[in-house]
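Notes for the one structure printed next.
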Number of protein chains: 2
Amino acid sequence: MAEPTAGTDRSLTRNQGEVLSALKGADKPLTAYDILGLPKIRKAGLKAPLTIYRALDKLMDQGLVHRIESLNAFVHCDHGPHDHATGFLICSDCGRTLEVHLDDCEDHLAGRAREQGFAVDAVKVEMTGRCPDCAARQAAQAATS
Amino acid sequence: MAEPTAGTDRSLTRNQGEVLSALKGADKPLTAYDILGLPKIRKAGLKAPLTIYRALDKLMDQGLVHRIESLNAFVHCDHGPHDHATGFLICSDCGRTLEVHLDDCEDHLAGRAREQGFAVDAVKVEMTGRCPDCAARQAAQAATS
DNA sequence: GCGGATAATGTTATTATATAACGTTTAAGG
DNA sequence: CCTTAAACGTTATATAATAACATTATCCGC
Ligand SMILES: [Zn+2]
Ligand SMILES: [Zn+2]
Ligand SMILES: [Zn+2]
Ligand SMILES: [Zn+2]
């Protein structure tokens, strides 16, 4: 094997491709069991949870998929390959998420950790709230009442 | 009831007190089932998962306990009642965690969200790495070999 | 192409985490 | 005392993730 460096797009296996495609086709994060339940996935012959989890693990290794901890769900990465960490905005109303770059904020956070003698490997940021669409809808409903 | 404002220390029920005490006595985050398995907890008569989860929910409402999403575990809050968000440093070696204030970094993150039209309710930050003790131990072992 | 190594997959069972449903008890307030 | 809401007990169930082990596919040097 060409021993790809982290993040390289080594060609995907069939299972990995199916799972990635499923996530790309979704408009919000899917749990492993959500994916498992998709007709396309069943038709492709993927029928055990472990099959899904294994594919997800590899996709995450390659940075093509992220895990949203607070949802136990997975989402396709819509950024290019990124070295610095990203955060997620999670709409508690519609369930959709938005990935945002952290840039210098990551350094800020890691610095706070270093003050404590802590060597940081990975930073995860998840913010819950309302997306523009849902916020607008709520405002409209409030005006009506 | 005195209708306490968020974060006030309304007196705890027996179950809540037992669970909080268990978390205070631990040196790292415990899962609900970790708590359920503690002799003290069993002796106190708490024996169903739901009993633990209910107590944890109330304790989190009061800001006395935090949930670590990436561990599915819970930890006693060792800060005073805090309005701004906090983050957690998680040692991937020993499993211990350290709570850190986010202060202005929270504003920074929320600002990033607002740029996207997103109204943020809550910010969760979890950083994985090695704590000072484990980093030192690793360094010592590396020197020996 | 052959042979050995490595990675991916299939299959079944099991563990771990969390909630639903429903009835009972407890505590507060008029 | 009576009402009401919160907390609790109990059982069953839903959801999320991994263990164990056999099998197949792929890569690579020969
Ligand atoms: Zn990404
Ligand atoms: Zn929304
Ligand atoms: Zn805290
Ligand atoms: Zn440590």
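Since the structure is predicted, the reported quantities are computational estimates derived from the model, not experimental observations. Residue numbers start from 1 in every chain, and the chains themselves are labelled A, B, ... in the order their sequence lines are given, proteins ahead of strands. No hydrogens, no waters, no symmetry mates; every other heavy atom, side chains included, goes into these values.
- Distance CG (A:L12) to C1' (D:dA25): 16 Å, rounded to an integer number of Å.
- Between A:M127 and B:F118, the closest heavy-atom pair is O-CE2, 4.4 Å.
- Going from atom CE of B:M60 over to atom C1' of C:dA18 covers 11 Å, rounded to whole Å.
- Ranked by how close their nearest DNA chain D nucleotide is to the 5' end, A:L50 and B:T13 are led by B:T13.
- Taking atom CG on A:N15 and atom P on C:dT11, their separation rounds to 11 Å, with Å as the unit.
- Looking at which nucleotide of DNA chain D each of A:A73 and B:L46 is closest to, the 5′-most match is held by B:L46.
- Here the nucleotide nearest the side chain of B:T51, chosen from C:dA8, D:dA7, D:dG9, is D:dG9.
- Here A:Y33 does not count as stacked on D:dT15, because the ring centres are not under 5.5 angstrom apart with planes under 30°.
- Put simply, CZ on B:R14 is 15 Å from C1' on C:dT25, counting in whole angstrom units.
- Hydrophobic clustering (ILVMFWY, side-chain heavy atoms < 4.5 Å, transitive): A:I68 and B:V123 are in distinct clusters.
- In this structure, B:L36 atom CG and D:dC8 atom P are separated by 15 Å, rounded to whole Å.
- For A:Y53, the side-chain atoms get nearest to D:dT18 when compared with the rest of D:dT18, C:dA8, C:dG10.
- The distance from atom CD of A:E18 to atom P of C:dT9 is 11 Å, rounded to the nearest whole Å.
- No salt bridge links A:D133 with A:R96; every basic N to acidic carboxylate O contact stays at or beyond 4.0 Å.
- A straight line from CG of A:L71 to C1' of C:dA18 spans 15 Å, rounded to a whole angstrom.
- Side-chain proximity of A:R54 to the nucleotides D:dA17, D:dA20, C:dT17 is greatest for D:dA20.
- To the nearest angstrom, P of D:dT15 lies 16 Å from CZ of A:F74.
- Using a 4.0 Å heavy-atom cutoff across all strands shown, A:A32 reaches no nucleic acid atom at all.
- If you check the side chains of A:H101 and A:H79, you find a donor sitting under 3.5 Å from an acceptor.
- Each of D:dT10, C:dT11, C:dA18 was ranked by its minimum atom distance to the side chain of A:K47; first place goes to C:dT11.
- Once rounded to the nearest 0.5 Å, the distance linking CG of A:L109 with CG of A:D104 reads 10.0 Å.
- Among the nucleotides C:dA18, C:dT9, D:dT10, the one closest to any side-chain atom of B:N72 is C:dA18.
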